[in-house]
Amino acid sequence: MTTAFHGVYLLYCENPKYLGRCYIGYTVDPNRRIVKHNKGKQYGGAYRTSQRGPWTMVLIVHGFLDEISALKFEWAWQHSQKSRRLQHVGKKKSREKSFDFYLTVLGQMLQVGPWQRLPLTIRWLNNALATDFLPGKKLPPHMLVCRGAHVQSRFRDCIQVESGTANSTCDLCFGVLSSAKQVTCLNKECNIRCHLICLSKHFLVIGEYVPIQGNCPKCKRTFLWGDIVRNFTGCYENVDFTYNASHAHVIA
């Protein structure tokens, strides 16, 4: 069984006639989606991008655990003036490029709730257009910025757990642990197995609705929640971790 991918992307038009136009969309398969945009509406592309290509997918924000949260992010990015959380961004200036404006909006979105607490990954897919969209500011520590021309549309198969073994129950709630819900510790020497929701409740601090970091109930090491989620979805397969007093750092 696989874990679904939910991403919100930014397209940039490379057609000289429409150069610089942008489009924001949601997808579960970015590799297939960009092909449809460039083929046209009759092949599943959007009306606004049809017959205006070629388009390049500049970046994609992923790490949303469900379609609803990704679609809400997409809407707010598209309609910052209508979002009550982004009223401070202001309108696009007359001479401001659409690309620059959408990056400004993205930077602001990642600084305010509820998005600032999500374990998101911002992946640049076009290095030629990659830029600093947060001048003088930093992303929340549980978010990740990376580059790569390819992104997996479906993450790795979850670890299979055979019924009747010691790992067939959650170590926290002692309920039945299915392969699709199993999460493990980032410390390879720790053999804890539990539901993702159970570990998130263990990490939560009073007043929070999305955890930022917490201690493994078994090995007591501290980890960022974003790293736990990325490991669960397969982003950190075959990656080792080093530790400091505050949290784990990923070695790419």
Side-chain angles (χ1 to χ4, degrees), residues 1-12 22-37 44 46 49 55-78 80 83 99 102-103 105-127 129-134 138-158 180-181 183 186 196-197 200 210-213 223-239 250 252:
M1 187 170 181
T2 56
T3 301
F5 177 93
H6 302 284
V8 181
Y9 58 87
L10 176 66
L11 297 187
Y12 182 89
C22 296
Y23 179 87
I24 295 169
Y26 160 79
T27 185
V28 297
D29 192 333
N31 304 304
R32 183 176 61 183
R33 190 63 185 147
I34 185 61
V35 172
K36 289 185 176 182
H37 276 298
T49 61
W55 296 84
T56 179
M57 192 173 287
V58 178
L59 64 80
I60 187 164
V61 182
H62 59 94
F64 304 97
L65 291 180
D66 55 45
E67 179 181 4
I68 294 175
S69 61
L71 288 173
K72 287 182 177 180
F73 188 93
E74 176 201 23
W75 183 89
W77 196 2
Q78 291 173 336
S80 59
S83 172
F99 180 69
Y102 283 125
L103 288 182
V105 173
L106 175 62
Q108 292 295 328
M109 289 179 69
L110 300 177
Q111 300 290 320
V112 300
W115 307 297
Q116 68 179 166
R117 304 192 68 84
L118 300 180
L120 301 176
T121 297
I122 299 87
R123 181 181 296 273
W124 288 100
L125 302 173
N126 188 319
N127 286 332
L129 293 172
T131 184
D132 180 12
F133 60 95
L134 278 173
K138 293 183 179 180
L139 281 175
H142 52 279
M143 292 187 187
L144 178 68
V145 177
C146 58
R147 300 189 183 193
H150 179 78
V151 59
Q152 290 176 298
S153 58
R154 295 289 174 183
F155 291 125
R156 66 168 171 81
D157 288 346
C158 297
K181 301 294 184 180
V183 63
L186 298 181
L196 185 66
I197 188 66
S200 70
V210 177
I212 297 298
Q213 67 177 29
F223 299 99
L224 292 174
W225 180 244
D227 286 341
I228 294 287
V229 173
R230 293 185 190 100
N231 185 61
F232 172 70
T233 54
C235 293
Y236 288 162
E237 192 170 16
N238 299 320
V239 171
V250 181

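Keep in mind that this is a model prediction, so the values were computed, not measured.
Side-chain contact between T56 and V58: present, with at least one pair of heavy atoms (C-beta onward) separated by less than 4.5 Å. For the pair Q111 and L134, the minimum side-chain heavy-atom distance is below 4.5 Å. Under the 4.5 Å side-chain criterion, counting only non-hydrogen atoms from C-beta, F5 is in contact with I60. Side chains of I122 and L144 form no contact here, defined as non-hydrogen atoms less than 4.5 Å apart. V61 is not listed as a side-chain neighbour of T121, based on a closest heavy-atom distance of 4.5 Å or more.
In this structure, F99 and Y12 have perpendicular ring planes: the angle between them is above 60°, well past the 30° mark.
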Next item on the list: Walk me through it: do H62 and R123 pass the test side-chain contact (heavy atoms from CB on, under 4.5 Å)?
Entry: CA-CA 8 Å; H62 59 94; R123 181 181 296 273; 3.5 Å; yes

Next item on the list: Under the side-chain contact (heavy atoms from CB on, under 4.5 Å) rule, what do Y26 and W75 come out as? Steps first, then yes or no, please.
Entry: CA-CA 9 Å; Y26 160 79; W75 183 89; over 6 Å; no

Note to self: Checking C146 against W124 for the side-chain contact (heavy atoms from CB on, under 4.5 Å) test, could you report, in this order, the C-alpha distance in whole Å, the side-chain angles of both residues, the deciding distance, and whether it holds?
What the structure shows: CA-CA 6 Å; C146 58; W124 288 100; over 6 Å; no

Margin query: Pair V8, W77 - check side-chain contact (heavy atoms from CB on, under 4.5 Å), show working.
Written below: CA-CA 9 Å; V8 181; W77 196 2; 3.7 Å; yes

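Atom CG of N126 sits about 9.5 Å away from atom CG of L59, to the nearest 0.5 Å. Separating the CD atom in Q116 from the CG atom in L110 is a distance of 9.5 Å, to the nearest 0.5 Å. Residue W115 holds its CH2 atom at 10.5 Å from CG of L106, rounded to the nearest 0.5 Å. Taken from CH2 in W55 to OG1 in T49, the straight-line distance is 6.0 Å, to the nearest 0.5 Å. The CZ atom of R32 sits 7.0 Å away from atom OG1 of T27, with the distance rounded to the nearest 0.5 Å. Separating the CD atom in Q213 from the CG atom in D227 is a distance of 10.5 Å, to the nearest 0.5 Å.
In terms of modelled atom types and a separation under 3.5 Å, the side chain of E67 and the main chain of H6 share no donor-acceptor contact. Formation of a donor-acceptor pair under 3.5 Å by the S83 side chain with backbone atoms of S80 is not found in this model. Side-chain atoms of W225 never come within 3.5 Å of backbone atoms of H142 as a donor-acceptor pair (strictly under, hydrogens ignored).
Aromatic ring centres of H37 and Y9 lie closer together than 6.0 Å.
When all heavy atoms are compared, the tightest approach of M57 to L11 is CA-CD2, 3.7 Å.
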